[in-house]
Amino acid sequence: MQGYISIGVFIDGGYYAKVNRALKSIENSIIKVRSLFDYICGRLAILEKVDPANCQITEAHYFRGRFRVKEAYDKHLLYNERKFEDTLIENDVVFHYKHLRELGKEGEKQVVEKGIDVWFALEAYELSTFRKFDYVVLITGDADHEMLVRKLKALKIKTVLLTWNLADVDATSPLLSEEAGHHWELSDMLADQPEVKRSLLYKLRDSALSPLGDEF
């Protein structure tokens, strides 16, 4: 048992957006970042048998590709992006972006995202080395992060893989799940806890009236 638990949270923005889109489609809701962070701290406090007040997310980082301003404007994404960034700022989340590119292929445009997964892994590993987190929470389902988890374990840092598998979200990689010290699959864990699930979600207004788009 420790007196204080330091937590680093690293969010795969593409994965997080897919979860939000699925939740919006199914329940007209999106995740409340602050409530999610409180949930993480509360569960780890119970796990480590410490006072929840002494279980703190000391750093949180969000990684995602996004369009340049002209492209985002043309696609009516600027409001959605700024609104979500406000949420990140309010919860002290540091965001990391790389520009997306659109390439023409067989008469169709294909969105290309380069380097985000590598940046995610390098930043998570480097910060964990310097900050000496007790726990690192990875919000992702990507198999590419299996080696990151392995490296974090070599640093003797406990890892939590947090996922929310829904119909429209890519299934979590079994290799990643097996490598992580703890895997919290929220769709399973919250199935019999409707009150906790409600606390984690923000109910959107009627989509016909709300300016929020699918990317929020």
Side-chain angles (χ1 to χ4, degrees), residues 1-17 19-20 31-64 87-97 116-165 172-190 193 195-197 199-201:
M1 181 176 70
Q2 304 182 58
Y4 180 85
I5 302 298
S6 172
I7 307 164
V9 176
F10 296 87
I11 304 169
D12 177 340
Y15 178 83
Y16 190 90
V19 172
N20 265 340
I31 300 169
K32 287 194 285 189
V33 176
R34 172 46 50 195
S35 296
L36 180 64
F37 285 1
D38 289 343
Y39 178 81
I40 290 169
C41 290
R43 283 195 62 85
L44 289 180
I46 294 171
L47 187 64
E48 292 289 334
K49 299 181 175 60
V50 301
D51 187 328
N54 292 329
C55 193
Q56 299 290 326
I57 293 175
T58 51
E59 288 200 33
H61 295 260
Y62 175 91
F63 298 80
R64 196 175 183 197
T87 301
L88 297 180
I89 292 168
E90 289 164 2
N91 290 284
D92 300 317
V93 179
V94 180
F95 38 90
H96 307 261
Y97 294 123
I116 297 296
D117 288 344
V118 174
W119 192 12
F120 179 104
L122 289 174
E123 199 77 15
Y125 182 77
E126 181 179 45
L127 286 172
S128 298
T129 302
F130 293 140
R131 302 290 192 262
K132 308 294 185 184
F133 301 123
D134 296 301
Y135 277 90
V136 165
V137 177
L138 303 175
I139 302 178
T140 184
D142 196 330
D144 289 344
H145 298 312
E146 177 195 352
M147 291 307 300
L148 167 61
V149 174
R150 191 172 297 180
K151 286 291 187 181
L152 291 174
K153 288 164 63 177
L155 294 175
K156 296 182 172 56
I157 295 174
K158 299 173 184 177
T159 58
V160 174
L161 176 65
L162 190 151
T163 60
W164 200 325
N165 285 340
T172 303
S173 162
L175 293 175
L176 181 61
S177 177
E178 291 169 8
E179 193 66 47
H182 304 273
H183 181 190
W184 299 349
E185 171 42 57
L186 293 186
S187 60
D188 293 336
M189 295 171 65
L190 301 178
Q193 301 181 67
E195 70 289 346
V196 177
K197 182 178 179 180
S199 74
L200 289 175
L201 298 179

Which residues share a side-chain contact (heavy atoms from CB on, under 4.5 Å) with Glu59, sequence neighbours left out: His61, Leu127, Arg131, Phe133
Those residues that, when tested against Ala60, pass side-chain contact (heavy atoms from CB on, under 4.5 Å) (two or more places apart): Val9, Phe37, Ile57, Val93
Flag the pair Asp117 / His145 as yes when at least one side-chain heavy-atom distance between them is below 4.5 Å, and no otherwise. yes
Asn54: partners by side-chain contact (heavy atoms from CB on, under 4.5 Å), with sequence neighbours left out: Tyr4, Asp51
Those residues that, when tested against Lys132, pass side-chain contact (heavy atoms from CB on, under 4.5 Å) (two or more places apart): none
Can any side-chain N or O of Asp134 pair as donor or acceptor with the backbone N or O of Lys158 at less than 3.5 Å? no
I want to check something: taking the side chain as every heavy atom from C-beta on, are Leu148 and Phe10 in contact at a cut-off of under 4.5 Å? no
With side chains defined as the heavy atoms from C-beta onward, is the minimum distance between Tyr97 and Ile116 less than 4.5 Å? no
For a 4.5 angstrom cut-off between non-hydrogen side-chain atoms, does Leu138 reach Leu162? no
Verify the distance criterion only: is there a donor paired with an acceptor across the side chains of Thr172 and Asn165 at less than 3.5 Å? yes
May I ask you to test the Tyr39-Leu190 pair for a side-chain heavy-atom distance under 4.5 Å? yes
Check whether any side-chain N or O of Ser199 sits under 3.5 Å from a backbone N or O of Val196 as a donor-acceptor pair, and report yes or no. yes
List for me each residue that meets side-chain hydrogen bond (donor to acceptor under 3.5 Å, both in side chains) alongside Thr58, sequence neighbours excluded, and say none if there are none. Ser6
Listed by chain and number, what are the ring-ring contact (aromatic ring centres under 6.0 Å, His included) partners of Tyr62, not counting sequence neighbours? Phe84
Please determine which of Thr163, Leu161, Leu36 meets the side chain to side chain contact (heavy atoms under 4.5 Å, CB included) test together with Ile139. Leu36
Could you tell me whether the side chain of Thr159 and the main chain of Gly181 form a donor-acceptor pair under 3.5 Å? yes
Sub-4.5 Å side-chain heavy-atom contact between Met189 and Lys197: no
Taking atom CG of Leu152 and atom OG of Ser128, what is their separation to the nearest 0.5 Å? 5.0 Å
Please report the interatomic distance CG(Asp38) to NZ(Lys32), rounded to the nearest 0.5 Å. 9.5 Å
Ring geometry between His96 and Trp119 (parallel below 30°, tilted from 30 to 60°, perpendicular above 60°): perpendicular
For the CG atom of Leu175 and the CD atom of Glu146, what is their distance to the nearest 0.5 Å? 5.0 Å
Phe120 vs Asp144, side-chain contact (heavy atoms from CB on, under 4.5 Å): CA-CA, chis, key distance, verdict: CA-CA 10 Å; Phe120 179 104; Asp144 289 344; over 6 Å; no
Is there a donor-acceptor contact under 3.5 Å from the side chain of Ser177 to the main chain of Ser173? no
May I ask you to test the Tyr16-Thr140 pair for a side-chain heavy-atom distance under 4.5 Å? no
Are side-chain heavy atoms of Asp142 and Tyr15 found at a separation under 4.5 Å? no
